[in-house]
Enquirer: 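Can you read through this structure? Questions will come right after.
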Amino acid sequence: MHGSTPTDGSPPFENGMVSIPELIPIFPLPEVVLLPGEVLPLHIFEPRYRAMVRDALNGHRIIGMVEYEEPRGASPAKSEPPVRNLGCAGFIAEHKELPDGRFLLWLLGLERFSIEEELAVDTLYRQVRVTYTPISESAGPPAGLQPVREELQRVLPRLVELEEKDRVSLSSQMGEISDTQLIALACQFLELPADRKRELLTADNQIDRFLLIYEELYRHLDDHPDLDDPPSHTLN
């Protein structure tokens, strides 16, 4: 169960929670990785995926985001190319249907999954049976991670153009969100490429995720020496 609530007028789930089914539709895209806690905007225009969105909106509102497997060798193109085994279930938090039938979606990442099997279905879009592999949120971060959280909380707001009072407010809000949400927010601020987000999705624990984000933060600052207020090298 996950604490996500529809925000576009759809009926709320019991206790504001979203129950994720084991059978879900998938939306394969190249070089697109959705992480738990992340909000992904999508433009849906292909007829089969329009049908997928309509069916999801009339049901559990869940779509599984997966990447296409990279082709190996000179194999002929397939109508249904293989996808990576690991993906992330997303909840349609908001949507807008355009007059021509296209959709604009805001998909909230809920939980990573492994594909157990692809189903033989009559729908135009693909459906799979999945097993969810969550990384649990502890009551508080391990003692060794607290300085990393504080560093991210202090530095990340300086990567966006904000008035100082808004930076202070953002920093304060970041101190109240979960580890998963902080990692997802850092990915957006740092504009991580798909390969690094894939590492975050496959990481075994939150410590590895935080260390990857910390490494990316310093890489970003090295690439942007004009940024003021550099971090204090907590881990050095």
Side-chain angles (χ1 to χ4, degrees), residues 1-4 17-24 26-40 62-70 72 82-91 107-118 128-153 155-156 174-221 231 233-236:
M1 303 292 288
H2 302 265
S4 302
M17 306 296 281
V18 178
S19 179
I20 309 180
E22 294 182 353
L23 304 181
I24 61 173
I26 55 172
F27 186 24
L29 286 177
E31 298 294 311
V32 175
V33 177
L34 175 65
L35 295 174
E38 183 180 22
V39 176
L40 178 67
I62 300 295
I63 294 173
M65 294 299 302
V66 293
E67 289 184 279
Y68 286 122
E69 280 280 12
E70 297 179 4
R72 298 179 179 179
V83 296
R84 293 186 183 275
N85 177 260
L86 195 68
C88 183
F91 174 75
L107 203 63
L108 173 63
L110 295 181
E111 202 66 83
R112 69 179 183 180
F113 60 77
S114 295
I115 296 176
E116 298 298 328
E117 64 172 324
E118 182 162 350
V128 297
R129 184 187 307 276
V130 302
T131 298
Y132 292 99
T133 56
I135 292 182
S136 61
E137 293 279 0
S138 58
L145 281 185
Q146 187 58 40
V148 180
R149 273 197 63 112
E150 292 173 357
E151 193 91 315
L152 293 174
Q153 180 183 346
V155 178
L156 286 174
M174 289 170 61
E176 299 174 358
I177 62 179
S178 70
D179 290 346
T180 294
Q181 291 170 326
L182 180 57
I183 288 168
L185 186 63
C187 285
Q188 294 179 333
F189 282 15
L190 296 170
E191 299 180 348
L192 292 196
D195 60 333
R196 295 297 272 171
K197 291 180 68 177
R198 194 180 305 128
E199 290 184 50
L200 285 169
L201 188 63
T202 59
D204 292 330
N205 53 65
Q206 293 289 37
I207 293 176
D208 289 345
R209 290 179 171 189
F210 268 115
L211 293 179
L212 186 149
I213 288 295
Y214 200 74
E215 177 184 341
E216 287 296 328
L217 175 60
Y218 274 99
R219 180 177 289 115
H220 182 88
L221 293 171
H233 296 271
T234 301
L235 299 185
N236 290 355

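All values reported here derive from a predicted model rather than from experimental measurement.
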Enquirer: Among all residues two or more places apart in sequence or in another chain, which pass the side-chain contact (heavy atoms from CB on, under 4.5 Å) test with E117?
Expert: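 By the side-chain contact (heavy atoms from CB on, under 4.5 Å) rule, E117 matches L119, R129.
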Enquirer: Is the closest side-chain heavy-atom distance between K197 and V32 below 4.5 Å?
Expert: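 They are not in side-chain contact.
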Enquirer: Any heavy-atom pair between the side chains of D208 and E199 that's under 4.5 Å?
Expert: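 Not in contact.
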Enquirer: Where do P36 and L201 come nearest, in terms of heavy atoms and distance?
Expert: CD-CD1, 4.1 Å
Enquirer: For a quick test of reading the model, state the closest non-hydrogen atom pair linking M65 to L107 and the distance between them.
Expert: CG-CD2, 3.6 Å
Enquirer: Can you name the ring-ring contact (aromatic ring centres under 6.0 Å, His included) partners of F27, sequence neighbours left out?
Expert: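 By the ring-ring contact (aromatic ring centres under 6.0 Å, His included) rule, F27 matches Y49.
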Enquirer: Between atom CG of L212 and atom CD1 of I207, what is the distance when rounded to the nearest 0.5 Å?
Expert: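 Those atoms lie 14.0 Å apart.
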Enquirer: Is it true that, when you exclude E22 itself, more than 12 heavy atoms of the residues, nucleotides or ligands shown sit nearer than 6.0 Å to its CD?
Expert: no
Enquirer: Does the side chain to side chain contact (heavy atoms under 4.5 Å, CB included) test come out yes or no for N85 and E69, once each step is laid out?
Expert: CA-CA 9 Å; N85 177 260; E69 280 280 12; over 6 Å; no
Enquirer: Rounded to the nearest 0.5 Å, what separates atom CD1 in I183 from atom CD1 in I177?
Expert: 10.0 Å
Enquirer: Any donor-acceptor pair under 3.5 Å linking the side chain of R149 with the backbone of F210?
Expert: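 Between the backbone of F210 and the side chain of R149 there is no qualifying donor-acceptor contact (under 3.5 Å).
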Enquirer: What's the spacing between R196 CZ and E191 CD if we round to 0.5 Å?
Expert: 15.5 Å
Enquirer: Would the Y218 and Y214 ring centres measure less than 6.0 Å apart?
Expert: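 Ring centres of Y214 and Y218 closer than 6.0 Å.
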Enquirer: To the nearest 0.5 Å, what is the distance between CD1 (I26) and CZ (F113)?
Expert: 7.0 Å
Enquirer: For a side-chain contact (heavy atoms from CB on, under 4.5 Å) with I213, tell me which candidate from L200, L156, L182 qualifies.
Expert: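 Testing each of L200, L156, L182 against I213, the sole residue satisfying side-chain contact (heavy atoms from CB on, under 4.5 Å) is L200.
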Enquirer: What are the two closest non-hydrogen atoms of G87 and V66, and how far apart are they?
Expert: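 Nearest pair, atom of G87 first, then V66: CA-CG1, 4.0 Å.
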Enquirer: Ignoring hydrogens, what is the shortest heavy-atom contact between L190 and E216? Give both atom names and the distance.
Expert: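 Distance-wise, the nearest heavy atoms are CD1-CB, 4.1 Å.
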Enquirer: Quick one: pull up CG in D204 and OG1 in T133 and give me the separation to the nearest 0.5 Å.
Expert: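 Interatomic distance, D204 CG to T133 OG1, rounded to 0.5 Å: 10.0 Å.
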Enquirer: Taking all non-hydrogen atoms of both residues, which atom of A203 and which atom of R209 are closest, and how far apart?
Expert: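 Heavy atoms only, the tightest pair is CB-CG, 3.7 Å.
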Enquirer: Considering all heavy atoms of both residues, which atom of C187 and which atom of L35 are nearest to each other, and what is their separation?
Expert: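 Looks like SG-CD1, 3.5 Å.
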Enquirer: Could you pull out all residues at least two apart from E67 that satisfy side-chain contact (heavy atoms from CB on, under 4.5 Å)?
Expert: E31, V33, R84, A194, R198
Enquirer: Can you tell me how far the CZ atom of F189 sits from the CG atom of L152, to the nearest 0.5 Å?
Expert: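 Reported to 0.5 Å precision, the distance equals 11.0 Å.
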